[in-house]
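What follows is a short report on a single structure.
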Amino acid sequence: MYRLLFTQVLARFDAEAVHHLTVRAFRVLALLPLLKGLIHRSLAPRDPALRIKAFGVHFPGPLGLAAGFDKDAGCVPALAALGFGFVEVGTITAHAQPGNARPRLFRLVRDRAIVNRMGFNNAGAHAAAARLRRPRGLPAVVGVNIGKTKVVPESEAVADYVTCAKELAPLADYLVVNVSSPNTPGLRDLQTAGKLRPLLTEVKQVAAATTRRTPLLVKIAPDLADDDIDAIADLAVELELDGIIATNTTIERPPGVHVPPGAETGGLSGRPLKDRSLRVLRRLRARVGDRITLVSVGGVEDVDDVWERLLAGASLVQGYTGWIYGGPFWAARIHRQLARRLRRHGVKSVQDVIGRTAA
């Protein structure tokens with residue numbers, strides 16, 4: 001039913017307009033406690049076998065929503081009610097900014113992919129913090145993804161991230177430093193070890209100073225050379241980060257992908273990213289083992305993808321584009337399927353399958 005609705009109705013409208021309409025609908029749902037609670041009781045992961053503990057945080061299920069949908073942390077309760085094990089909001093910058101010029105969001109329906117060059121459009125850290133302080137009315141694990149304000153020069157990037165972290169780290173279950181979006185000029189240059197070290201060191205001090213010591217992760221691009229992936233992995237271990245999220249969107253356009261006019265630039269997500277994201281995960285696992293938590297995102301569409309990422313060494317898995325094409329009950333459906341698969345394999349906990357096929 002959803003696929004018919006998507007192809008015959010939603011796909012005919014501007015992608016960003018549909019996105020904003022959906023966000024507004026979820027914000028309304030977040031304000032309706034009875035309906036929100038009913039949906040949560042029906043869809044939220046409850047099977048004990050799905051529970052997982054990563055970097056000191058307890059998750060009801062391993063599949064979460066990646067950053068990019070709820071940019072301003074406005075509809076966390078509604079998203080948690082739909083069956084996600086956790087919700088990552090953002091990317092949020094220290095200062096409000098409008099993002100890049102439109103059009104900046106494109107569907108590649110044939111390839112089950114999306115191209116975006118949104119440019120961290122958000123209302124800023126202070127506004128997001130006010131929303132995150134509001135009572136949610138139901139349990140939700142919330143990650144906060146932070147990035148650099150576009151107008152801030154690279155020489156002031158560390159201070160910009162620190163300002164954002166001070167506002168948001170106390171309100172997050174975990175904090176993510178995003179240095180991998182292709183849509184903010186110069187941002188990916190911060191992934192070089194020499195520039196990344198002082199940035200992560202300063203933000204880590206902020207995260208460590210919160211009452212609960214907020215876990216800190218870094219999100220990397222799929223387009224890095226293997227040597228650069230190894231260097232970031234080694235740096236994450238050296239600095240005792242809590243995790244790495246792999247991967248962000250790609251600037252590559254793989255052969256065979258149908259790119260509509262205007263979508264030649266920007267970050268590509270969805271099915272075409274699947275293989276590269278998995279290769280990066282496997283390389284990271286081979287490099288760091290189980291010393292830090294790995295979160296896999298990129299091309300995750302179904303329970304088979306989630307299962308494969310867990311076996312390859314990811315403790316947590318994220319999706320976004322797969323949810324857009326899979327429908328509102330996508331996460332709940334995958335969690336139910338994953339619980340059945342665990343029982344079929346005689347496994348009592350999802351924690352027991354992590355890294356089984358890792359080299």
Side-chain angles (χ1 to χ4, degrees), residues 1-47 50 59-92 105 107 114 116 118 121-124 126-145 168 171-174 297 300 316-337:
M1 179 66 73
Y2 175 78
R3 179 169 293 186
L4 183 64
L5 173 66
F6 184 90
T7 56
Q8 299 301 315
V9 181
L10 298 180
R12 298 178 184 271
F13 292 89
D14 174 74
E16 187 169 352
V18 173
H19 171 84
H20 288 308
L21 181 63
T22 305
V23 169
R24 285 196 291 271
F26 283 144
R27 285 184 176 179
V28 171
L29 175 58
L31 299 175
L32 303 174
L34 292 179
L35 179 58
K36 179 178 61 181
L38 178 62
I39 295 173
H40 184 264
R41 285 192 293 274
S42 301
L43 300 179
R46 299 185 180 279
D47 195 311
L50 294 173
F59 296 79
L63 178 61
L65 179 62
F69 180 82
D70 190 3
K71 295 178 180 297
D72 287 310
C75 45
V76 168
L79 294 169
L82 288 175
F84 289 101
F86 57 104
V87 175
E88 190 172 308
V89 300
T91 297
I92 299 167
L105 188 63
R107 306 183 192 93
I114 290 174
N116 94 82
M118 303 296 286
N121 54 307
N122 73 108
H126 186 71
R131 294 188 180 98
L132 288 170
R133 290 191 187 97
R134 295 173 185 168
R136 297 181 189 130
L138 50 81
V141 177
V142 181
V144 177
N145 185 302
L168 296 169
L171 304 170
D173 290 303
Y174 68 89
V297 57
V300 175
L316 300 168
V317 181
Q318 292 179 322
Y320 176 6
T321 304
W323 177 52
I324 299 301
Y325 286 102
F329 308 127
W330 178 77
R333 182 170 62 249
I334 289 179
H335 271 133
R336 287 195 299 269
Q337 292 169 343

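For the numbers below, each heavy atom of this structure counts, side chains included, while hydrogens, waters and symmetry mates do not. Model, not experiment: these values are computed from the prediction.
- In this view, Asp47 and Arg343 satisfy the salt bridge (charged side-chain N to carboxylate O under 4.0 Å, His left out) rule, not counting sequence neighbours.
- Using a 4.5 Å heavy-atom threshold, the side chains of Leu79 and Trp323 count as touching.
- For residues 76-89, the pairs satisfying side-chain hydrogen bond (donor to acceptor under 3.5 Å, both in side chains) are Glu88-Asn145, Glu88-Tyr174, Glu88-Gln318, with sequence neighbours left out.
- In this view, Arg3 satisfies the side-chain hydrogen bond (donor to acceptor under 3.5 Å, both in side chains) rule with no residue, not counting sequence neighbours.
- Remark: Phe59 pairs with Phe55, Phe86 by the ring-ring contact (aromatic ring centres under 6.0 Å, His included) rule, at least two apart or across chains.
- For His19, the ring-ring contact (aromatic ring centres under 6.0 Å, His included) criterion is met by Phe69, not counting sequence neighbours.
- When the side-chain contact (heavy atoms from CB on, under 4.5 Å) test is applied to Ala129, the partners found at least two apart in sequence or on another chain are Arg133, Glu167, Leu168, Leu171.
- Legend: residues meeting side-chain hydrogen bond (donor to acceptor under 3.5 Å, both in side chains) with Thr321, ordered by chain and number and at least two apart, are Ser269.
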> Does the pair Tyr320 and Ile114 meet the rule for a side chain to side chain contact (heavy atoms under 4.5 Å, CB included), with working shown?
Replying inline: CA-CA 10 Å; Tyr320 176 6; Ile114 290 174; 5.5 Å; no
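- For residues 7-20, the pairs satisfying salt bridge (Lys or Arg N to Asp or Glu O under 4.0 Å) are Glu16-Arg102, Glu16-Arg104, with sequence neighbours left out.
- Arg333 is linked by a side-chain contact (heavy atoms from CB on, under 4.5 Å) to Phe329, Trp330, Arg336, Gln337, counting only residues two or more places apart in sequence or in another chain.
- Residues forming a side-chain contact (heavy atoms from CB on, under 4.5 Å) with Asp72 (at least two apart in sequence, or on another chain): Arg27, Asn122, Ala123, Arg131.
- With values rounded to the nearest 0.5 angstrom, Thr91 atom OG1 is found 6.5 Å from Lys71 atom NZ.
- Under the side-chain contact (heavy atoms from CB on, under 4.5 Å) criterion, Leu35 pairs with Leu29, Leu32, Ile39, sequence neighbours left out.
- The distance from the CG atom of Leu132 to the CD1 atom of Ile92 is 6.0 Å, given to the nearest 0.5 Å.
- The side-chain hydrogen bond (donor to acceptor under 3.5 Å, both in side chains) test applied to Arg46 returns His40, not counting sequence neighbours.
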